[in-house]
Amino acid sequence: MYYYKLHPVMLLLILLSFGVISFVVVSVYTSGIGYGTGSSRVVKTGLDESYPFSKLHNLVMVAGHSVYTSSSCEKVDKEDSWFLESYQKNAGQAATFVAHIKEGVESAARDEEALLLFSGGETRKDAGPRSEAQSYWMVAESKGWFGNQEKVRWKALTEEHARDSFENLLFSVCRFRELTGSYPQNITVVGYDFKKERFVNLHRSAIRFPETRFIYLGTPAATTSKEAALKGEALVRTQFQHDPYACLGSLRRKKIGRDPFHRSIPYPNGCPEIKGLFRYCGANIYTGSLPWP
């Protein structure tokens with residue numbers, strides 16, 4: 001009889017204990033999570049230490065155009081040190097790659113809150129499994145970061161899966177999120193000056209990033225290839241106008257051809273807030289939710 005008289009009291013104590021524990025757990029969890037307020041920042045979970053570059057807020061992205069194949073870094077401005085497609089085999093071409101790298105390094109050096117990303121995958125079969133991004137990083141290293149090693153080297157990383165210019169931008173935004181835990185407040189893209197319209201008006205618009213926070217730093221093409229480059233760019237720009245996400249027709253085929261080693265793309269695992277952009281395919285601009293206003 002004593003057991004049955006005591007049982008309701010024990011049950012009440014157990015229920016009260018469970019309630020207190022649940023309240024503490026929920027309080028701790030919700031205190032670490034906030035909700036976005038329309039900025040490009042992602043509110044952290046209180047574990048900022050899991051993001052090694054959480055104090056960096058701006059992205060500087062250098063789009064890769066070739067793979068460095070020389071066993072030495074003493075001839076980075078020589079064409080035979082790079083794997084070049086037929087349309088790239090022009091005098092002065094290698095120097096334009098170095099100019100992009102230098103421009104990116106100097107831009108990141110000017111901005112204490114900028115993360116520098118060299119973007120470009122293993123796009124050339126005959127160059128072997130070496131990425132454009134790693135090639136550019138190695139050249140920057142061989143050049144002593146153009147006098148900015150202390151300012152830039154620690155915050156210069158790579159994005160090694162992009163197969164075209166749109167992916168250079170989209171994948172770098174995702175990589176930035178992986179490294180910082182947030183999305184960039186400002187984006188600076190470094191590339192050829194004749195590609196400015198493609199990046200500013202087409203790729204930027206495709207991800208709906210604010211134009212006022214998007215900067216394009218262009219350097220000139222090699223003098224010997226400028227005319228052909230402009231003609232080729234006009235064609236590619238027209239293709240992106242009809243297929244802004246490069247998921248249809250010729251742009252898609254070109255992208256597949258630039259993945260000779262069948263690399264699995266990890267995105268959008270590191271940037272779940274923009275997974276819709278990765279899954280979307282259409283001629284119209286994506287209208288889903290995005291973490292920037």
Side-chain angles (χ1 to χ4, degrees), residues 35-42 58-65 117 119-121 123 159-178 182-218 229-259 263-293:
Y35 296 90
T37 58
S39 71
S40 297
R41 301 292 294 169
V42 172
N58 302 320
L59 167 64
V60 175
M61 184 273 283
V62 179
H65 291 89
L117 287 179
S119 173
T123 56
E159 183 293 302
E160 300 187 54
H161 296 278
R163 299 163 294 179
D164 64 19
S165 56
F166 177 66
E167 288 187 346
N168 284 139
L169 178 59
L170 179 62
F171 288 7
S172 291
V173 169
C174 189
R175 183 77 174 117
F176 186 95
R177 166 70 170 87
E178 287 182 329
S182 66
Y183 291 96
Q185 291 285 353
N186 301 284
I187 297 176
T188 298
V189 173
V190 178
Y192 288 111
D193 53 9
F194 63 83
K195 291 188 178 183
K196 180 176 182 178
E197 185 177 343
R198 188 201 304 189
F199 273 96
V200 175
N201 296 335
L202 299 177
H203 297 340
R204 180 200 58 78
S205 296
I207 69 170
R208 299 194 348 250
F209 196 83
E211 187 172 5
T212 56
R213 295 194 274 122
F214 191 92
I215 298 170
Y216 189 87
L217 300 177
L230 291 174
K231 186 179 296 184
E233 176 60 18
L235 173 61
V236 174
R237 199 162 54 236
T238 298
Q239 292 173 328
F240 272 110
Q241 287 171 346
H242 293 93
D243 182 15
Y245 300 94
C247 57
L248 304 167
S250 59
L251 289 177
R252 181 176 181 274
R253 289 192 296 273
K254 183 188 295 185
K255 188 162 53 178
I256 292 173
R258 289 178 175 171
D259 184 22
R263 287 293 187 186
S264 295
I265 295 174
Y267 318 119
N269 290 340
C271 52
E273 299 84 3
I274 60 172
K275 63 183 178 182
L277 273 175
F278 284 84
R279 296 174 179 173
Y280 180 74
C281 179
N284 297 319
I285 297 300
Y286 174 74
T287 58
S289 175
L290 292 171
W292 44 82

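In what follows, every heavy atom counts, from backbone to side chain, and hydrogens, waters and symmetry copies are set aside. Nothing here was measured: the structure is a model prediction, and the numbers come from that model. We number each residue from 1, following the sequence as shown.
I187 CD1 to H203 NE2: the interatomic distance, rounded to the nearest 0.5 Å, is 12.5 Å. To the nearest 0.5 angstrom, Q241 atom CD is 7.0 Å from E197 atom CD. The structure places CZ of F166 at 11.0 Å from CG of L251, a figure rounded to the nearest 0.5 Å. Rounding to the nearest 0.5 Å gives a distance of 9.0 Å between CG of N201 and CZ of R237. Between L230 atom CG and D193 atom CG the span is 8.0 Å, to the nearest 0.5 Å. To the nearest 0.5 Å, atoms SG (C271) and CZ (R175) are separated by 11.0 Å.
Of all the heavy atoms in R204 and L169, the pair that sits closest is N-CD2, 3.9 Å. Smallest separation of non-hydrogen atoms from W292 and P210: CD1-CD, 3.9 Å. Closest approach of P268 and F278 over heavy atoms only: CB-CD1, 3.5 Å. The two atoms that bring D164 and R258 nearest to each other are CA-NH1, 3.9 Å, heavy atoms only. When all heavy atoms of S119 and A162 are compared, the closest pair comes out as OG-CB, 3.5 Å. Scanning all heavy atoms of the two residues, the minimum distance from F176 to S182 falls at CD2-O, 3.3 Å.
No option in I207, T188, V189 other than V189 meets the side-chain contact (heavy atoms from CB on, under 4.5 Å) test with F214. Under the side chain to side chain donor-acceptor pair (under 3.5 Å) rule, E233 has a single partner from K196, R198, K195, which is R198.
Residues P244 and L202 form no side-chain contact, since every pair of their non-hydrogen atoms from C-beta on lies 4.5 Å or further apart. In this structure, the side chains of S250 and H242 stay at 4.5 Å or more apart for every pair of heavy atoms. Between K254 and Q239 there is a side-chain heavy-atom pair separated by less than 4.5 Å. At least one side-chain heavy atom of L290 sits under 4.5 Å from a side-chain heavy atom of L277.
Within 6.0 Å of CZ in R252 there are 12 or fewer heavy atoms belonging to other residues, nucleotides or ligands. More than 12 heavy atoms of other residues, nucleotides or ligands sit less than 6.0 Å from atom NZ of K255.
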In sequence, state the C-alpha distance, the side-chain angles, and the governing distance for E160 and R263, and then conclude on side-chain contact (heavy atoms from CB on, under 4.5 Å). CA-CA 10 Å; E160 300 187 54; R263 287 293 187 186; over 6 Å; no
CA sep, side-chain torsions, deciding dist, call: R253, I256, side-chain contact (heavy atoms from CB on, under 4.5 Å): CA-CA 5 Å; R253 289 192 296 273; I256 292 173; 5.7 Å; no
The test is side-chain contact (heavy atoms from CB on, under 4.5 Å); show your working for I265 and F171 and say whether it passes. CA-CA 10 Å; I265 295 174; F171 288 7; 4.0 Å; yes
For side chain to side chain donor-acceptor pair (under 3.5 Å), just list the numbers for Y267 and E167, CA-CA rounded to whole Å, side-chain angles, deciding distance to a tenth of an Å, and then say yes or no. CA-CA 11 Å; Y267 318 119; E167 288 187 346; over 6 Å; no
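Contact check on R177 versus E273 returns a salt bridge, with a Lys/Arg side-chain nitrogen under 4.0 Å from an Asp/Glu carboxylate oxygen.
A donor-acceptor contact shorter than 3.5 Å links the side chain of H65 to the backbone of A63.
You'll find the ring centres of Y245 and Y280 inside the 6.0 Å limit.
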